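Before any comments, here is the structure.
Fair warning: this is a prediction, and the values are worked out from it, not measured in the lab.
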Amino acid sequence: MKQVEFIDLSKVSNSLQHKILNWRNSQEINQYSQIGQIDKKTHENWLKEVNKENSSVKAFILKHEQNYIGLTYFSKINLEKKTSEWGIY
């Protein structure tokens with residue numbers, strides 16, 4: 001059985017990064033979101049934050065075989081306290 005790959009979001013194409021907006025706004029995901037529908041500008045700002053070198057947000061695309069199957073992220077990362085918030089979809 002092939003393993004699931006965790007691919008750093010900063011290392012994937014812009015088109016895939018923007019496809020994630022559709023995932024985030026899908027009814028299946030959004031019904032559990034605390035922030036509701038996400039507009040393009042908010043998503044672009046989130047991507048900029050994720051892609052910063054010293055960001056407190058890290059995100060990974062999940063890939064199984066040739067299919068992108070989801071995303072996981074860690075935010076409010078505090079290495080000193082060894083804590084973070086996280087999400088997966």
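At least one donor-acceptor pair under 3.5 Å links the side chain of S55 to the backbone N or O of E49. Using a distance-only test at 3.5 Å, with no hydrogens or angles considered, a donor-acceptor pair links the side chain of T72 to the main chain of G87. With Q17 contributing its side chain and L9 its backbone, the two residues share a donor-acceptor pair below 3.5 Å. Between the side chain of N25 and the backbone N or O of I38 there is at least one donor-acceptor pair closer than 3.5 Å.
Under the rule for a side-chain hydrogen bond (donor to acceptor under 3.5 Å, both in side chains), T83 has no partner lying at least two apart in sequence or in another chain. For S84, the side-chain hydrogen bond (donor to acceptor under 3.5 Å, both in side chains) test picks out no residue, with sequence neighbours left out.
Contact of the H43 side chain with the I20 side chain is registered, since non-hydrogen atoms from C-beta on lie closer than 4.5 Å. Put simply, the side chain of L71 does not reach to within 4.5 Å of the side chain of I88, judged on heavy atoms. Between Y73 and E85 there is no side-chain heavy-atom pair separated by less than 4.5 Å. The side-chain heavy atoms of K52 and K48, taken from C-beta on, include no pair separated by under 4.5 Å.
In the hydrophobic clustering of this structure, L62 does not group with V57; members are Ile, Leu, Val, Met, Phe, Trp, Tyr whose side-chain heavy atoms approach within less than 4.5 Å, directly or through other members. Follow the hydrophobic side-chain contacts under 4.5 Å out from W86 and you never reach L47; the two are in separate clusters. Linking Ile, Leu, Val, Met, Phe, Trp and Tyr residues whenever their side-chain heavy atoms come within less than 4.5 Å places F74 and V4 in a single cluster.
Expressed to the nearest 0.5 Å, how far CG of L16 lies from CG of N14 amounts to 9.5 Å. The structure places CD of E5 at 8.5 Å from OH of Y68, a figure rounded to the nearest 0.5 Å. To the nearest 0.5 Å, atoms CD (Q3) and CD (E65) are separated by 11.5 Å. For the atom pair H18 NE2 and S13 OG, the distance stands at 9.0 Å (nearest 0.5 Å). In this structure, K58 NZ and N51 CG are separated by 9.0 Å, a value rounded to the nearest 0.5 Å.
Closest approach of A59 to W46, counting heavy atoms only: CB-CH2, 4.1 Å. Nearest heavy atoms, Y89 versus I29: CB-CD1, 3.2 Å.
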Item to check | I7 vs F60, side chain to side chain contact (heavy atoms under 4.5 Å, CB included): CA-CA, chis, key distance, verdict | outcome: CA-CA 5 Å; I7 303 168; F60 303 90; over 6 Å; no
Checklist entry - Would N67 and K63 count as a side chain to side chain contact (heavy atoms under 4.5 Å, CB included) if you check the C-alpha gap in whole Å, the side-chain angles of each, and the deciding distance to 0.1 Å? => result CA-CA 6 Å; N67 301 307; K63 184 177 180 181; over 6 Å; no
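Between the side chains of T42 and D39, at least one donor N or O lies within less than 3.5 Å of an accepting N or O.
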